[in-house]
Every structure is written in structure tokens, then in C-alpha cells.
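Numbers restart at 1 for each chain; the letters A, B, ... are given by sequence-line order, proteins then strands. Quick caveat, the model's predicted, so the values are computed rather than measured. Side chains included, hydrogens not; waters and symmetry mates left out as well; all remaining heavy atoms used.
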Protein chains: 2
Amino acid sequence: MDKTLLKLKALADRNRLRIFGALTQYEELCACQITELLQVSGATASRHLAILVTAGLLKSRKESRWVYFSLDESCDGMDNILDWLLPRLRQFDQIHGDFEVLDGIMAVSKEDLCRQQRGEACCPVQKTETTDG
Amino acid sequence: MDKTLLKLKALADRNRLRIFGALTQYEELCACQITELLQVSGATASRHLAILVTAGLLKSRKESRWVYFSLDESCDGMDNILDWLLPRLRQFDQIHGDFEVLDGIMAVSKEDLCRQQRGEACCPVQKTETTDG
DNA sequence: TATATAATTAGCCAAACAACTAATTATATA
DNA sequence: TATATAATTAGTTGTTTGGCTAATTATATA
């Protein structure tokens with residue numbers, strides 16, 4: 001039961017569900033992109049990602065200094081999880097917001113993204129703000 | 001997202017998963033039977049059941065003093081949840097243990113069960129103990 | 001080889017959660 | 001109508017969890 005419970009606990013958190021949702025939209029995302037999406041510290045994002053990997057829901061690969069995360073296709077029962085989860089995720093405002101934000105994040109190089117996260121205010125992300133305020 | 005998250009949180013607890021599992025085996029169980037299965041206080045069982053009902057996974061009906069719980073067939077996506085969960089639950093020792101315990105519980109009248117739970121040691125449950133100790 | 005950097009781990013704190021006992025509610029019956 | 005009883009709600013307590021900052025690890029590069 002513990003593996004099943006581990007998967008359920010891993011998904012039973014808003015931010016981790018958002019990570020999972022993001023990875024149904026983009027094949028692969030690196031830690032700094034997830035950090036940017038969730039608007040939490042890198043440490044927090046890293047811990048959430050570790051929980052999802054430990055549960056067997058995500059896999060990661062390291063390429064030089066970057067670590068990329070993706071859905072673990074080999075996860076036993078992943079198809080059934082997606083059957084249940086996908087139509088639900090598509091239904092929710094926050095996830096749609098995430099998808100839009102992600103598009104913005106992907107339009108920026110990881111280098112600039114990380115520079116930004118360090119507070120070096122060079123190369124600002126072009127925010128798609130409405131100017132009706 | 002909150003309804004989806006609510007369902008995931010509801011299932012992401014060992015005792016609640018056991019309740020859910022029990023109800024895949026027995027169409028309908030009353031609160032005192034669940035209490036007996038989990039070996040927790042009636043208040044604790046009641047709270048777990050309330051969480052599952054609130055999440056839309058279980059429904060309940062009251063019949064005189066007894067409250068009966070069952071899987072909520074009308075729960076949106078219940079089939080998909082079961083597709084994922086059933087083969088996993090069947091795999092685990094604790095759930096199989098639960099099924100055996102449940103058989104014992106169902107062999108006793110609810111009246112006797114509750115008497116027992118109140119400490120009135122009349123009409124003992126026939127435990128299927130092996131006598132090799 | 002010293003420095004910069006992406007990610008993780010360690011250590012801390014506040015909020016959420018699961019358990020308990022006691023009190024309350026709703027129903028049946030003497 | 002007073003009493004018993006099944007279930008729930010209220011209130012308390014210890015544990016788990018999710019967030020942070022600081023320290024560490026692994027990799028690239030000046």
C-alpha cells in the first residue's frame with residue numbers, strides 16, 4: 001500500500017499538482033523553470049520535485065548544471081492516473097494561468113531566468129500584462 | 001482544482017484508503033463497522049468518513065440510529081479512480097488483512113459490535129485466531 | 001585551480017492534520 | 001417522557017508538512 005499511498009500523497013498538494021500539470025503540457029522542464037512557475041524559493045521547488053520523483057511519478061536527468069524533469073512514462077499506472085487527472089486539470093483556472101505563465105517562461109533563456117531569480121535585474125521577462133489598470 | 005485536490009487529499013491517508021478499499025469489497029458498511037476495522041475511536045472514524053463524503057467519494061444514508069456508507073457511484077471520475085486504485089489495493093497485505101477482518105465483523109450483529117465497543121464484554125466476536133502460539 | 005552557478009540538503013518555524021476524550025445531537029424504546 | 005445509544009462535533013495535543021534562509025554539492029569556466 002505504501003507505494004500507492006506515496007503517489008497519492010505526492011499528488012495531494014496544490015504546488016505539486018501544478019508541477020505535474022505543467023509537465024503534461026511541456027515534455028520537460030528544468031528546476032529553475034518550475035521555481036519560476038510556482039513563485040517559491042528554489043529550495044522549496046526542489047523539495048516538491050524530489051517528492052514527486054521519489055513517488056515514481058517524475059523522472060529527472062542531469063545535463064551539465066541543469067536538471068530536467070518529466071513525467072515518468074514507465075510509472076506503473078501512469079496512464080490511469082492521467083485518464084483521471086488530465087480532464088480535471090484542464091478544467092481549472094489556475095492551471096490555465098500556469099500554462100500561460102509557462103509560455104512566457106519558455107520564451108526566456110534559462111540563463112536569463114536564473115539571473116533574474118538571483119536578483120540581477122538584467123534581461124527582464126516580458127510580462128504579458130494587460131494595461132487596463 | 002480544489003475539488004480534484006480535495007479528492008486526492010481525502011485518499012492520501014492510510015486509514016481513509018483502507019475505508020475506501022473496504023467499500024470496494026462490501027457494498028455498504030456502517031460507521032461502527034468502520035470503527036472496528038480501523039481500531040480507532042468512533043470520533044476518529046467519523047471524521048475520516050466525513051472527509052471522504054465531503055470529497056464526494058462516499059455517500060451516506062441514515063437508517064434509524066445507524067449510518068451506512070458506500071462508494072458514491074455518481075462521483076465524477078469514480079470509474080477512473082477505481083481503474084487505477086483497485087488493482088493496487090488488491091496487491092497489498094494490509095488490505096487483504098482488512099478483508100479478512102471485515103468478514104469477521106460482518107459475521108457479528110451491529111448491536112453486538114457496538115456493545116463490544118462500549119466495553120460491555122458480552123457476545124464476544126469469534127476471532128479466527130490460529131492456535132499455534 | 002579559484003570562482004561562479006544550478007540544484008540539493010540542513011535546520012528552523014508556523015500551519016495543517018490525525019488522534020484522543022468529553023460534550024452534543026438524533027433516534028429508539030422502556 | 002425519561003433513558004439508552006449511534007454518530008457527530010468541540011476542544012486538546014503531538015506529529016507531519018510546506019515554507020523560508022543558510023550551507024553544501026556538483027559542474028562549468030575564467
*Do A/F92 and B/D2 pass the side chain to side chain contact (heavy atoms under 4.5 Å, CB included) test, and can you show the C-alpha distance, the side-chain angles, and the key distance before you say yes or no?*
CA-CA 9 Å; A/F92 294 110; B/D2 299 286; over 6 Å; no
*Kindly indicate, with the supporting measurements, whether the criterion side chain to side chain contact (heavy atoms under 4.5 Å, CB included) is fulfilled by A/R14 and A/R18.*
CA-CA 6 Å; A/R14 176 178 302 273; A/R18 290 172 70 196; 4.2 Å; yes
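Atoms NZ (A/K62) and C1' (C/dA7) sit 6 Å apart, rounded to a whole Å. Spacing between atom NE2 of B/H48 and atom P of D/dA7 amounts to 16 Å, rounded to whole angstrom units. We find that CD of A/Q116 is positioned 12 Å from P of C/dA6, with the value rounded to whole Å. Taking atom CD of residue A/E111 and atom C1' of nucleotide C/dA6, one finds them 11 Å apart after rounding to whole Å. Put simply, CZ on A/R61 is 17 Å from P on C/dA6, counting in whole angstrom units. To the nearest angstrom, C1' of C/dC17 lies 15 Å from CG of B/L5. As a whole-Å value, the separation of A/R115 CZ from C/dA4 P is 14 Å. If you take CZ of B/R18 and P of C/dA18, they are 15 Å apart, rounded to a whole angstrom.
Residue A/R47 places none of its side-chain N or O atoms closer than 4.0 Å to OP1 or OP2 of C/dT9. The side chain of A/R118 places an N or O atom within less than 4.0 Å of a non-bridging phosphate oxygen (OP1 or OP2) of C/dA6. Within the structure, every side-chain polar atom (N or O) of B/T44 is placed at least 4.0 Å from both OP1 and OP2 of C/dA18. Between B/S41 and C/dA19 there is no side-chain N or O to OP1 or OP2 distance below 4.0 Å.
Residue whose closest nucleotide on DNA chain D sits further toward the 5' end, between A/G42 and A/D13: A/D13. Taking for each of A/Q39 and A/K9 the nucleotide of DNA chain D with the nearest heavy atom, the 5'-most of the two is the partner of A/K9.
The CG atom of A/N15 sits 9.0 Å away from the OG1 atom of A/T44 when rounded to the nearest 0.5 Å. Taken from CG in B/D79 to CG in B/L86, the straight-line distance is 10.0 Å, to the nearest 0.5 Å. Once rounded to the nearest 0.5 Å, the distance linking CD1 of B/I51 with NZ of B/K7 reads 14.5 Å.
Listed nucleotides C/dA18, C/dA6, D/dA7 differ in distance to A/W66; the shortest reach to its side chain belongs to C/dA6. Nearest to the side chain of A/F69, among D/dC20, C/dT8, D/dA7, sits C/dT8. Comparing atom distances between the A/A43 side chain and each of D/dA10, C/dA10, D/dG19 picks out C/dA10 as nearest. When the nucleotides D/dT5, C/dA6, D/dG18 are ranked by their closest atom to the side chain of B/R65, D/dT5 comes out on top.
As judged by a 4.0 angstrom heavy-atom cut-off over every strand, B/S64 is placed among residues touching the sugar-phosphate backbone only. Within 4.0 Å of A/R14, counting heavy atoms only, lies no atom of the nucleic acid at all.
Pairing for D/dT29 is with C/dA2, a Watson-Crick or G-U wobble pair whose two hydrogen-bonding atom distances lie under 3.5 Å. Using the Watson-Crick or G-U wobble rule with both distances under 3.5 Å, C/dA16 pairs with D/dT15.
One hydrophobic cluster holds both B/L71 and B/I19 under the rule that ILVMFWY side chains link at heavy-atom gaps under 4.5 Å.
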